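Before any comments, here is the structure.
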Amino acid sequence: MADLAGKLGLIVGVANKRSISWAIAQAAAAAGARIALTYPSERLEENVRELAAKLENPLVLPCDVTKDEDLAALAASLDREFGGLDFLVHGVAFAQAAELSSPFVQTSREGFRVALDVSAYSLISLARVAAPLMEKRGGGSILTLTYLGSQRVFPNYNVMGVAKAALEASVRYLASDLGARNIRVNAISAGPIKTLAASGISGFSSILQVYRERAPLKRNVELAEVADAAMFLLGAGSRAVTGEILLVDAGYHIVGL
Ligand code: NAD
Ligand code: 0WE
């Protein structure tokens, strides 16, 4: 497994023990990294602090990605406490519930704004905050999480699909922008996993079943498998990889019929 000994990482998007970001945080910590976790609201602070306590010497900081002042304070805290940054994991997505159950054509202006702001623009603003800290360390690796609904239509994924398309394009533009500073930007497009974000989706179990039947590997993907792929993209093994969307979906995306 990738060696992240002595590396400093910021992980945004841990809500509970089933979060993909938490699986990545645990794997990165096991590989020797020191981790900063964030929480978006006081409601989730206790959850995140409890999980962070399982890590060695963690940093826990507030950050609602829709608030510029939170991002500025996050940058200042990281600069003070870490003095630099080697990697950033972005595992944040949100759309208002109504947008994931109404016909796509009914997408509201506000629903579109919120989904794109939280799920796509936040990668750009976090990258802007992280880049100067990564420069201090001679470069870095930025990783986000996306879903195939960016490229293909999945019933009810709706405006989240549009947000993920914007997120994936942002990965390429950021990779181009930050490459000269030795900062890489990539995404993992994961197959469906029953997390908090998935528990709000009606019919999620049938989505898992369809993937299990049709994917070449005839099974779903596990949190640890996404985390292992993340270790590759965060570590030196991927030092010449940037702007890439790596599908970790048991091969589902290659199937035509
Ligand atoms: P999750 O609910 O555990 O993670 C989503 C996170 O977004 C939560 O921690 C939540 O607190 C955070 N968040 C929402 N609004 C925020 C805000 N304003 N500021 C800061 N944080 C905010 O669910 P997950 O499945 O682990 O999702 C992580 C990422 O993985 C998402 O981008 C999701 O789209 C992506 N993904 C999930 C699946 C899946 O099937 N679970 C598949 C592919 C990709
Ligand atoms: O990105 C996601 C889901 C993200 C998400 C989930 C919720 C549920 C609760 C964003 N916003 C909200 N808002 C809420 O109020 N996934 C990749 C998981 C997912 O969601 C689907 C999927 C898959 C897979 C929705 C429809 C079809 C497939």
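Keep in mind that what you see is a predicted model, and the values were worked out from it rather than measured. Atoms within each ligand, like the ligands themselves, are counted from 1 in listed order. Note that these values count all heavy atoms, side chains included, but never hydrogens, waters or copies made by symmetry.
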Worksheet item: Does ligand 1 have any atom that is closer than 4.0 Å to a heavy atom of Lys164?
Response: yes
Worksheet item: With atoms numbered from 1 as shown, which atoms in ligand 2 lie under 4.0 angstrom from a non-hydrogen atom of Ala97?
Response: 15 (O)
Item to complete: Could you establish whether Trp22 and ligand 1 come within less than 4.0 Å of each other, counting only heavy atoms on the residue side?
Response: no
Worksheet item: Of all the atoms in ligand 2, which lie at a distance below 4.0 Å from a heavy atom belonging to Phe204?
Response: 19 (C), 23 (C), 24 (C)
Discussion item. Can you check which of Val14, Thr66, Ile193 brings a heavy atom nearest to atom 39 (C) of ligand 1?
Written reply: Ile193
Worksheet entry | ligand 1-proximal atoms of Cys63, by part, heavy-atom distance under 4.0 Å | backbone
Item to complete: Return the residue, atom name and 0.1 Å-rounded distance of the protein heavy atom closest to atom 12 (C) of ligand 1.
Response: Val92 CG1, 4.1 Å
Discussion item. So does Leu145 get a backbone contact from the side chain of Lys164, meaning a donor-acceptor N/O pair under 3.5 Å?
Written reply: yes
Worksheet item: Any idea which part of Tyr147 is under 4.0 Å from ligand 2, heavy-atom wise: side chain, backbone, both or neither?
Response: side chain
Fill in: Among Phe154, Tyr157, Tyr211, closest by any non-hydrogen atom to atom 1 (O) of ligand 2
Tyr157
Worksheet item: Does Ala95 come within less than 4.0 Å of ligand 2, judged by its heavy atoms?
Response: yes
Practice prompt. Determine whether any heavy atom of Pro155 lies closer than 4.0 Å to an atom of ligand 2.
Written response: yes
Item to complete: Starting from atom 44 (C) of ligand 1, locate the nearest protein heavy atom and write down its residue, its atom name and how far away it is, to 0.1 Å.
Response: Thr146 O, 3.0 Å
Response to the item:
Closest to atom 3 (O) of ligand 1 among protein heavy atoms sits Ser19 OG, 2.6 Å
Practice prompt. Using a strict 4.0 Å cut-off to heavy atoms of Ile207, name the atoms of ligand 2 that fall inside it.
Written response: 27 (C), 28 (C)
Worksheet item: Relative to atom 35 (C) of ligand 1, which among Leu145, Val248, Thr195 owns the nearest non-hydrogen atom?
Response: Leu145
Worksheet entry | Nitrogen or oxygen atoms of Asp64 and ligand 1 under 3.5 Å apart | yes
Item to complete: Could you tell me the residue and atom name of the protein heavy atom closest to atom 10 (C) of ligand 1, and the distance to it rounded to 0.1 Å?
Response: Ala15 CB, 4.4 Å
Worksheet item: How far is atom 5 (C) of ligand 1 from its nearest protein heavy atom, and which residue and atom is that?
Response: Gly91 O, 3.5 Å
Worksheet entry | Protein contact of atom 19 (N) of ligand 1 - nearest heavy atom, named by residue and atom, plus distance | Val65 N, 3.0 Å
Discussion item. So that I can tick it off, tell me whether Arg113 and Glu110 are bridged by a salt bridge, with the cut-off set at under 4.0 angstrom between side-chain N and carboxylate O.
Written reply: yes
Practice prompt. Can you label the angle between the Tyr252 ring and the Tyr211 ring as parallel, tilted or perpendicular, going by 30° and 60°?
Written response: parallel
Worksheet item: Any chance the side chains of Gln151 and Glu168 put a donor and an acceptor closer than 3.5 Å?
Response: yes
Worksheet item: What atoms of ligand 2 come closer than 4.0 angstrom to any heavy atom of Leu100?
Response: 7 (C), 11 (N), 12 (C), 13 (N)
Response to the item:
In this structure, atom 26 (O) of ligand 1 is nearest to the protein heavy atom Ile20 N, 2.9 Å
Practice prompt. Pick whichever of Ser199, Gly13, Gly191 has a heavy atom sitting closest to atom 9 (O) of ligand 1.
Written response: Gly13
